[in-house]
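Notes for the one structure printed next.
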Amino acid sequence: MGTDKRARQKANRDRARQERIRKQKMTMVRKRGLLLGLGIPAIVGVLFLISNFVMNDSSSDTAVTVASSTPQPTETVPGRQITGKTPCPKTDGTEERATIFEQAPSMCIDPAKSYTATFNTSEGVIEVALDTKKTPETVNNFVTLSRYGYYDTSFIFRTDVSLDIIQGGGSNNTDGPGYTIKDEGGRFSYSAGDLVMARSSGVDSGGGQFFFVTGEKASVLNSQGTYVTFGKITKGLDVAQAILALNSGEGALGGAPSKPVKIDTLVITEK
C-alpha cells in the first residue's frame, strides 16, 4: 500500500508540473502574438501545438522550461516628472533629466533640418539619420524624449532572432513615458537598419519604445506595415547585429540578451 500511495503521489506531482508548464507556455505565446498583431486563429494554432508538445513530453523534467537564468538588467534610473504641458527641452544637452510626462510634446524640432541620433551603448555606437520628411511628428517625439535624457541608462531588453529585431527604450516592454502618440506616415516595409516605433497591437499606441531591424526576417511584418519607421542606421549596423547575436534563447518576446545591454547616452545633433 505504501508503494502504491507513493506512486500515486508522484503521478499527481507530474500532472501538476505539466499543467503549470503548459499554462506558462500558453501565456508566453499569447503575449508574443498580441505584440506582433497576430490573428486569433494563428495564436490558437500555435497554442494547440504547444499544448500537444507539453502533454507528449513527460519523460524529462528539464525538457521544457520557461524560467530564465539570463542576467536581467537593473532598473532604468528614474528622472523627474513633468506635469501639464511638456515644454521643449534645451538643445545643448544641459536639460534636467525627465522620464515621466503628463502630455505628449508639442512640435520642438525644425522639420527642415537634419537630425542624427547617436546611441552610445555598452556594446558600441549606433548612429541613425532620422526621417523628418516622412515622419516629423514621430521624430519630434523621439528627439524631445532624447533631449530630456529619457533613454539614458535604459536597456535593449529584447533580442528576437525570429524577426531579426532588437528592442529598447526601457527596462522591459511595459515602460513608457506616460502618453501615446499617433501612428504616422502610412504603410511601411522593413529592412536592415530601420529604426521603428514599437507599440502594442492597437493603433496609435506608441510612446517611447523602439526597435532596430537587423536583418531580412523582419520582412514578415510587411503584410501589416503599421509599425512606424522613422530613421535609418548610417553607422553601427554591425553593433546592432552583434546585440541580436547575444540572444540567450530564453525568455518571452523572442528572448533577452545573455547580458545587460545598456544605452549609456542617446545624443541628438542637428544641422
Side-chain angles (χ1 to χ4, degrees), residues 75-121 125-157 167-186 188 194-200 202-212 226-236 262-271:
E75 290 296 317
T76 299
V77 179
R80 65 187 170 112
Q81 179 176 354
I82 295 178
T83 57
K85 183 179 179 180
T86 300
C88 293
K90 299 174 184 177
T91 62
D92 60 1
T94 63
E95 184 65 60
E96 182 183 356
R97 187 162 184 262
T99 55
I100 303 175
F101 304 82
E102 189 173 337
Q103 297 180 23
S106 57
M107 181 59 69
C108 295
I109 66 168
D110 181 352
K113 292 185 176 181
S114 299
Y115 291 82
T116 299
T118 301
F119 295 72
N120 296 298
T121 82
V125 176
I126 302 173
E127 292 184 0
V128 179
L130 302 177
D131 188 351
T132 56
K133 291 182 174 58
K134 188 173 183 179
T135 55
E137 296 286 347
T138 307
V139 170
N140 177 69
N141 177 71
F142 184 79
V143 168
T144 301
L145 288 177
S146 298
R147 285 176 166 167
Y148 270 115
Y150 179 83
Y151 296 106
D152 297 351
T153 74
S154 65
F155 293 86
I156 301 294
F157 57 83
Q167 185 171 333
S171 297
N172 54 60
N173 69 315
T174 64
D175 283 352
Y179 61 82
T180 58
I181 62 174
K182 291 185 177 297
D183 298 335
E184 179 186 31
F188 297 86
D194 287 344
L195 174 61
V196 188
M197 282 296 295
R199 61 167 175 74
S200 72
V203 299
D204 302 332
S205 57
Q209 302 251 339
F210 62 85
F211 64 87
F212 282 114
T226 53
Y227 299 94
V228 177
T229 297
F230 64 101
K232 194 77 172 184
I233 293 176
T234 56
K235 176 183 176 181
K262 189 177 184 179
I263 299 172
D264 296 310
T265 59
L266 203 167
V267 180
I268 300 295
T269 55
E270 65 176 78
K271 60 180 180 179

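The figures here come from the full heavy-atom set of this structure, side chains too, leaving out hydrogens, waters and symmetry mates.
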Is the distance between the ring centroids of F230 and F142 under 6.0 Å?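 Yes, the ring centres sit under 6.0 Å apart.
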
Only counting residues at least two apart or in another chain, list the ones meeting side chain to side chain donor-acceptor pair (under 3.5 Å) with [X].
X: T265; answer: N120
X: N141; answer: Y179
X: D194; answer: K232

Look up atom [atom1] in [X] and atom [atom2] in [Y], then write down how far apart they are to the nearest 0.5 Å.
X: T138; Y: E184; atom1: OG1; atom2: CD; answer: 4.0 Å
X: T153; Y: D264; atom1: OG1; atom2: CG; answer: 8.5 Å
X: D175; Y: S154; atom1: CG; atom2: OG; answer: 9.0 Å
X: T132; Y: Y115; atom1: OG1; atom2: OH; answer: 7.5 Å

E96 bridged to R80 by N-O distance under 4.0 Å: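 Judged by the 4.0 Å cut-off on N to carboxylate O distance, E96 and R80 do form a salt bridge.
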
Tell me whether R199 is salt-bridged to D204, with the criterion being a basic N under 4.0 Å from an acidic carboxylate O. no

Quick one: salt bridge (Lys or Arg N to Asp or Glu O under 4.0 Å) pairs with a partner in residues 110-121, sequence neighbours left out? K113-E270

Salt bridge (Lys or Arg N to Asp or Glu O under 4.0 Å): which pairs involve residues 98-107, sequence neighbours left out? none

Measure the shortest side-chain to side-chain distance between P177 and L145 over non-hydrogen atoms and say whether it is less than 4.5 angstrom.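 A side-chain contact under 4.5 Å exists here.
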
Is the closest side-chain heavy-atom distance between D152 and R97 below 4.5 Å? yes

Start with the C-alpha gap between V143 and L130, add the side-chain angles, then the distance that decides, and say whether side-chain contact (heavy atoms from CB on, under 4.5 Å) holds. CA-CA 9 Å; V143 168; L130 302 177; 3.7 Å; yes

So, applying side-chain contact (heavy atoms from CB on, under 4.5 Å) with I156, which one of F119, F211, F210 is it? F210

Residue of the set I109, T144, I268, V228 for which side-chain contact (heavy atoms from CB on, under 4.5 Å) holds with V139: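 So the option named by the test is I109.
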
Report yes or no: is the cationic atom of K85 (NZ for Lys, CZ for Arg) closer than 6.0 Å to the six-membered ring centre of F101, at no more than 45° off its axis?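 No, K85 does not lie over the aromatic ring of F101.
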
Measure across N172 and Q209 and return the closest heavy-atom pair with its distance rounded to 0.1 Å.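 That would be O-NE2, 2.9 Å.
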
If I compare all heavy atoms of I82 with all of A98, which pair ends up nearest, and what's the gap?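 That closest heavy-atom pairing would be CD1-CB, 3.9 Å.
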
Kindly write out the residues that satisfy side-chain contact (heavy atoms from CB on, under 4.5 Å) with K90, not counting sequence neighbours, or none if the list is empty. D92, T94, E95

More than 12 heavy atoms from other groups under 6.0 Å of NZ on K134: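 Above 12, so yes.
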
